[in-house]
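Worksheet: the structure to be examined is printed underneath.
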Amino acid sequence: MNKPLPHLADADLASARQRWEREFAAGAPGATTPRNRSGIGVKPLYTPHDWSGAAYSADLGFPGEYPYTRGIYPTMYRGRSWSQRQLIGLGVPEDYNARVKELLALGTSALSLIPCNSVFRGYDADEVPVELLGTCGTVINHVGDMERALDGVPIGELSTAMNDPSPFTLLAFELAVARRRGVPWTKITGTSNQSDCISHFVANHMFFRIALQGARRIAVDHIAFCNEQVPGWNPLSIVGQHMQQAGATPAEAMAFTLASAVQYAEDCIARGMDPDRFLPRFTFFFDISVSFFEEVAKFRAGRRIWAKLCRERLGARDPRSWRFKFHGQTSGVDLTRQQPLNNIARVTTQAMAGIFGGLQSLHTDSYDEVFSTPTAEAARIAVATQNILRDEAHLTDVIDPLGGSYYIESLTDAMEQKIEAIIALVDQAGGMYKAVEQGLVQKMIGESALAFQKRVDAGEEVVVGVNKYAIEEDPSTYPALDYPDRARIEAQVQSLRAFKAQRSASKVDKALAALAGTAQSKDGNVFAQVVASAEAGATHGEICGTLRRELGFGHVLAMV
């Protein structure tokens with residue numbers, strides 16, 4: 001039987017601490033204080049002097065209870081594991097469909113569709129050079145394409161994420177497919193995964209199809225429509241990933257994401273919407289860097305801050321509105337072309353940080369994403385990584401297993417203070433839209449990106465295989481995914497032209513005219529007309545083109 005350790009009185013503890021400090025100083029003379037990516041100094045040891053637990057109820061509480069620091073559900077992973085949502089996109093719809101079915105058989109429990117870059121830019125396949133098509137995602141231009149991409153996929157039972165910026169044509173196509181199959185929209189679940197136009201404006205310029213103010217209006221219309229017509233759908237995913245991958249520190253990425261969420265919420269409230277109606281469907285999407293403890297603290301602090309913002313600033317009364325639901329993706333920025341198999345260890349570390357941080361769904365990058373869209377073998381390893389962490393490593397056995405750690409709790413508090421200070425800067429600028437229009441957010445991200453790169457160049461930040469432990473290696477050793485078959489891509493373009501020729505031109509013209517009219521007026525719902533246009537046979541490029549003409553093109557740099 002284990003005997004309890006003797007309790008140290010405060011005086012004894014202070015004496016023991018001083019003794020250790022002397023021994024540490026003698027053993028590590030001149031030791032400097034390292035700083036994490038957010039600039040927070042990290043001490044060599046944390047004790048009850050750093051976090052005593054006296055404010056446990058106020059700062060931590062229990063899982064599923066305010067302030068949700070330890071998790072948003074009482075059971076967390078003991079009740080239900082995170083969703084394994086692998087991002088997929090390549091070639092033509094049939095290619096996507098084949099990969100989906102393969103990953104579902106391997107244990108993936110939710111789907112995410114990555115469209116071709118031409119789609120992200122707002123164009124149809126017959127408007128861009130054929131060489132560019134299908135190399136980074138799937139070519140989806142109309143409801144028929146979506147029908148083939150989701151052939152045999154039970155969309156009424158499986159959660160789907162559409163990586164689709166404003167005006168959200170991919171969801172419109174999925175809803176049209178559901179209508180054709182007789183699946184009620186009330187059974188469609190998932191997320192509009194790229195619905196955050198602010199993050200696109202700041203850090204993802206290729207995605208920026210429509211001028212900022214027009215995209216702002218469509219975002220609120222999209223939220224209102226989905227709340228009414230597709231209640232199981234999350235119409236807004238506020239994206240911290242873009243800004244962190246652009247160079248923001250973890251603290252900055254969390255702060256800018258929460259400030260964006262507040263901005264969207266205040267826009268919805270100004271429209272007359274009830275926060276307890278729309279906030280439960282707000283979700284978040286974050287990058288998970290390899291800075292393990294910092295990322296765990298980032299998510300725990302973000303969860304606590306969001307609960308306070310929703311209750312105290314936004315006036316939400318329903319506890320479901322205070323929940324901070326987020327998807328995590330392991331950071332592709334941390335992956336290297338040098339010694340790429342090392343990326344498996346990086347992804348595993350990142351995934352563990354997200355899991356210990358309490359995420360609701362997870363995408364693990366494949367080690368070869370530095371070369372191309374993942375190969376089938378690398379994608380299997382990425383899926384297996386999650387299975388191993390859950391089923392072999394037993395990471396789901398204990399809720400918030402790092403909670404109560406002197407270091408984690410002290411770091412969570414420090415991250416909270418840093419995040420709130422950045423949110424205050426955004427508030428002083430007049431909110432997230434004004435801060436972005438003034439270039440404040442972009443300037444901070446740029447400065448952080450440059451500072452980090454300087455540390456890497458100086459060897460202060462070690463990147464294994466790049467600035468330390470480098471070896472000579474033949475990159476051709478690692479196979480990259482072949483470009484899509486040219487004949488299949490050309491056949492896809494011909495199929496699009498045939499679709500346009502065979503549909504009812506009058507129905508399409510009428511639908512697009514109604515879309516333009518709604519965009520011009522202050523009344524009506526733009527996204528409702530996007531859905532109607534999709535069902536009438538309008539293509540992605542035609543819908544985006546119509547809204548560009550009415551609401552302006554997203555010339556990002558013009559406002560910075």
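Positions are given from 1 along the sequence.
- For Thr189, the side chain to side chain contact (heavy atoms under 4.5 Å, CB included) partners two or more places apart in sequence, or in a different chain, are Ser159.
- In this structure, a donor-acceptor pair under 3.5 Å is present between the side chains of Lys298 and Gln244.
- Phe324 has its ring centre less than 6.0 Å from the ring centre of Phe284.
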Can Arg216 and Asp267 be said to form a salt bridge (Lys or Arg N to Asp or Glu O under 4.0 Å), step by step? CA-CA 9 Å; Arg216 183 179 186 179; Asp267 283 358; 2.8 Å; yes

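- Qualifying salt bridge (Lys or Arg N to Asp or Glu O under 4.0 Å) partners for Arg17, counting only residues two or more places apart in sequence or in other chains: Glu21.
- Counting heavy atoms from C-beta on, the side chains of Leu335 and Pro340 never come closer than 4.5 Å.
- Of the residues listed (Asn204, Asp164, Ile114), the one engaging Phe120 in a side chain to side chain contact (heavy atoms under 4.5 Å, CB included) is Ile114, and it is the only one.
- Arg346 and Thr336 share a side-chain donor-acceptor pair at under 3.5 Å.
- Residues passing the side chain to side chain contact (heavy atoms under 4.5 Å, CB included) test with Ala429, sequence neighbours excluded: Ala435, Gln438, Leu440.
- Residues Trp306 and Leu258 are in side-chain contact: their nearest non-hydrogen atoms beyond the backbone lie under 4.5 Å apart.
- One finds a salt bridge joining Arg313 and Asp427 here, because a Lys/Arg side-chain nitrogen approaches an Asp/Glu carboxylate oxygen to under 4.0 Å.
- Summarising the geometry, atom NE2 belonging to His200 is positioned 7.5 Å from atom OG belonging to Ser195; distances are rounded to the nearest 0.5 Å.
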Tell me which donor-acceptor pairs under 3.5 Å the side chains of residues 52-63 have, and how far apart each pair is, sequence neighbours excluded?
from	atom 1	to	atom 2	distance (Å)
Ser52	OG	Ala54	N	3.2
Tyr56	OH	Gly61	O	3.0
Tyr56	OH	Arg70	NH1	3.0

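- Residues Ser291 and Asn36 bring no donor and acceptor atom of their side chains to less than 3.5 Å of each other.
- Aromatic rings of Phe326 and Phe285 (six-membered ring for Trp) have centroids beyond the 6.0 Å cut-off, not under it.
- Within the structure, ring-ring contact (aromatic ring centres under 6.0 Å, His included) pairs that include any residue of residues 31-54 comprise Tyr46-Tyr407 (at least two apart or interchain).
- Here the CD1-CD distance, from Ile218 to Gln213, works out to 11.5 Å after rounding to the nearest 0.5 Å.
- Within the structure, every pair that satisfies the salt bridge (Lys or Arg N to Asp or Glu O under 4.0 Å) test and touches residues 30-56, not counting sequence neighbours, is listed here: Arg37-Asp334, Lys43-Asp50.
- Considering only heavy atoms from C-beta on, Met444 comes within 4.5 Å of Glu252 through its side chain.
- Ala353 meets the side chain to side chain contact (heavy atoms under 4.5 Å, CB included) test with Ile288, Phe292, Glu295, Val296; sequence neighbours excluded.
- A donor atom on one side chain and an acceptor atom on the other are found under 3.5 Å apart for Glu174 and Thr160.
- Sorted by first and then second residue, the salt bridge (Lys or Arg N to Asp or Glu O under 4.0 Å) pairs involving residues 409-423 (not counting sequence neighbours) are Arg300-Glu409, Arg304-Asp413, Arg304-Glu416, Lys308-Glu416, Lys308-Glu420.
- In terms of the side chain to side chain donor-acceptor pair (under 3.5 Å) criterion, Asn467 has no residue partners (sequence neighbours excluded).
- In the model, Trp233 has no side-chain atom that pairs as donor or acceptor with a side-chain atom of Thr191 under 3.5 Å.
- Residue pairs meeting the salt bridge (Lys or Arg N to Asp or Glu O under 4.0 Å) criterion with at least one partner in residues 220-237, sequence neighbours excluded, are Arg217-Asp221, Asp221-Arg271, Glu228-Arg277.
- With sequence neighbours left out, Ala203 forms a side chain to side chain contact (heavy atoms under 4.5 Å, CB included) with His242, Met243, Ala246.
- With sequence neighbours excluded, the residues satisfying salt bridge (Lys or Arg N to Asp or Glu O under 4.0 Å) with Arg455 are Glu461.
- In this structure, Phe286 has its ring center closer than 6.0 angstrom to the ring center of Phe299.
- Checked for salt-bridge contact, Glu447 and Lys443 meet the test: a charged N lies under 4.0 Å from a carboxylate O.
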